[in-house]
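Shown next, in structure tokens, is the structure this report addresses.
As the structure lists them, so they are numbered: ligands from 1, and atoms in each ligand from 1. Computed from heavy atoms alone, side chains included, the values below leave out hydrogens, waters and symmetry copies.
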Amino acid sequence: MVIVMSAEATPGQIGSVVALVESVGGSAFVTRGTSRVLIGLVGDVERFLLLGLRALPGVSRVMRISTPYKLVSREHRPERSTVEVCGVPIGPGHLTVIAGPCAVETPEQTLQAALMARDLGAALLRGGAYKPRTSPYAFQGLGERGLQILADVRAATGLPIVTEVVDARDVALVAQYADMLQIGTRNMQNFALLQAVGQAGKPVLLKRGMSATVEEWLMAAEYIAQRGNLDIVLCERGIRTFETATRNTLDIAAVPVAQRLSHLPVIVDPSHSGGRRDLVLPLTRAAVVAGADGVIVDVHPRPEVALCDGPQALVAEDLPELARAVADLAAFMGRRSAEVFPELV
Ligand code: PEP
Ligand code: MN
């Protein structure tokens with residue numbers, strides 16, 4: 001159940017609703033929506049119904065939502081949401097490009113990759129300082145040193161930072177540097193981590209688990225929303241299938257499916273889905289025309305020596321054609337390219 005408070009509800013009225021729900025053994029999670037406070041209830045619905053919540057001062061609506069995910073559902077909010085990252089919009093009407101290296105390796109490599117991202121028309125810089133690697137012997141990322149490099153490159157280029165956090169214990173530290181926190185495919189059901197990023201006060205990029213259904217993906221988003229954060233962008237990054245010709249199978253249908261079930265923006269990762277440089281352009285085209293709200297693309301100044309995911313990283317010569325395709329297809333779809341936040345440039 002979700003309680004929608006009226007726009008004028010006072011903190012005292014919100015507190016009274018929470019106290020009443022808790023008095024019958026329930027839990028109440030307060031989330032700030034765009035204009036109103038929402039309170040998600042967890043517990044025995046039949047007992048909540050006896051509380052007369054609808055009549056309490058400050059309560060506008062009490063909604064029983066039929067989907068298992070509530071706050072992120074379109075049933076709860078029929079219009080699609082836009083998430084802003086330092087003023088960069090991700091959502092309907094825009095086409096937002098995020099680009100950068102898979103991993104932060106050196107200051108020079110990160111700066112060069114960020115300049116490539118700018119050339120591509122990206123409004124946000126991606127780059128992992130903490131890498132969730134399948135092999136414990138593979139490069140695990142530079143950790144806090146990588147975050148410092150990202151912050152320096154942000155200062156030099158004006159691009160806000162999207163970076164992954166892999167452990168709930170690191171959320172506070174990563175949030176000090178990041179403008180958007182990324183949850184990777186391998187952690188989509190790390191519930192403690194989802195709850196921690198829900199409380200971190202930063203927008204979240206939630207990648208789909210490689211074996212997760214759309215419903216499981218939305219339930220993961222609900223964990224974040226329930227802890228007070230509705231600034232969530234979903235990212236389709238390919239799923240495991242029997243096909244081995246590509247690294248993962250890009251589930252393009254998941255874009256419109258997730259957009260119909262949830263009000264959250266949905267972007268596509270053509271790099272981690274195809275896993276091959278030559279597929280990034282066609283998969284990006286498919287994503288934009290399927291209605292994605294953006295793409296996140298790997299670029300690297302020297303992929304042949306990259307410490308992570310070199311084969312899928314675009315090189316400088318690939319950028320003009322992709323930039324043109326994104327601009328043309330965004331216009332075709334009635335979307336504006338999200339520009340770099342002017343004050344940061
Ligand atoms: C990444 O974006 O670098 C990454 C690790 O992606 P995924 O979690 O989708 O594999
Ligand atoms: Mn990667």
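- Listed by number with element, the atoms of ligand 1 under 4.0 angstrom from any heavy atom of Gly184 are 8 (O).
- Using modelled atom types, no side-chain atom of Asp251 and backbone atom of Glu236 make a donor-acceptor pair closer than 3.5 Å.
- The pair Arg126-Asp298 meets the salt-bridge criterion, with a side-chain N (NZ, NE, NH1 or NH2) lying under 4.0 Å from an Asp/Glu carboxylate O.
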Exercise. Kindly determine whether Glu144 and Tyr177 satisfy side-chain hydrogen bond (donor to acceptor under 3.5 Å, both in side chains), including the steps that lead there.
Key: CA-CA 9 Å; Glu144 188 171 5; Tyr177 293 88; 2.8 Å; yes
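- The shortest non-hydrogen separation linking Ile296 to Cys235 is CG2-SG, 3.9 Å.
- With hydrogens and angles ignored, the 3.5 Å screen pairs a side-chain donor or acceptor of Glu216 with a backbone N or O of Thr213.
- In this structure, atom 2 (O) of ligand 1 lies nearest to the protein heavy atom Arg126 NH1, 2.7 Å.
- Counting the atoms of ligand 1 from 1 in the order shown, those under 4.0 Å from a heavy atom of Gln182 are 1 (C), 2 (O).
- Among the atoms of Thr185, some N or O lies under 3.5 angstrom from an N or O of ligand 1.
- At least one N, O or S atom of Asp309 sits under 2.8 Å from the Mn ion (ligand 2).
- Looking at ligand 1, you won't find any N or O of Glu164 less than 3.5 Å from one of its N or O atoms.
- Using a 4.0 Å cut-off between a side-chain N of Lys or Arg and a carboxylate O of Asp or Glu, Lys202 and Asp179 do not qualify as a salt bridge.
- Closest approach between the Mn ion (ligand 2) and any N/O/S atom of His272 involves NE2.
- Taking 2.8 Å as the threshold, Cys102 counts as a candidate ligand of the Mn ion (ligand 2), since one of its N, O or S atoms lies below it.
- At distances below 3.5 Å, not a single donor-acceptor pair connects side-chain atoms of Ser262 with backbone N or O atoms of Ser73.
- Proximity to Cys102 (heavy-atom distance under 4.0 Å) selects the following atoms of ligand 1: 3 (O).
- Looking only at atom types and distance, the side chain of Ser60 has no donor-acceptor partner in the side chain of Ser6 under 3.5 Å away.
- Met210 does not count as a contact of ligand 1, since none of its heavy atoms falls under 4.0 Å from the ligand.
- Of the protein's non-hydrogen atoms, the one nearest atom 4 (C) of ligand 1 is His272 NE2, 3.5 Å.
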Exercise. For Asp309 and Arg133, run salt bridge (Lys or Arg N to Asp or Glu O under 4.0 Å): C-alpha distance rounded to whole Å, both residues' side-chain angles, the deciding distance at 0.1 Å, then the answer.
Key: CA-CA 11 Å; Asp309 289 350; Arg133 303 304 297 277; 5.3 Å; no
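- Protein heavy atom closest to atom 6 (O) of ligand 1, with residue, atom name and distance, is Lys207 NZ, 3.0 Å.
- Every atom of ligand 1 with a heavy atom of Arg237 under 4.0 Å away is listed here by number and element: 7 (P), 9 (O), 10 (O).
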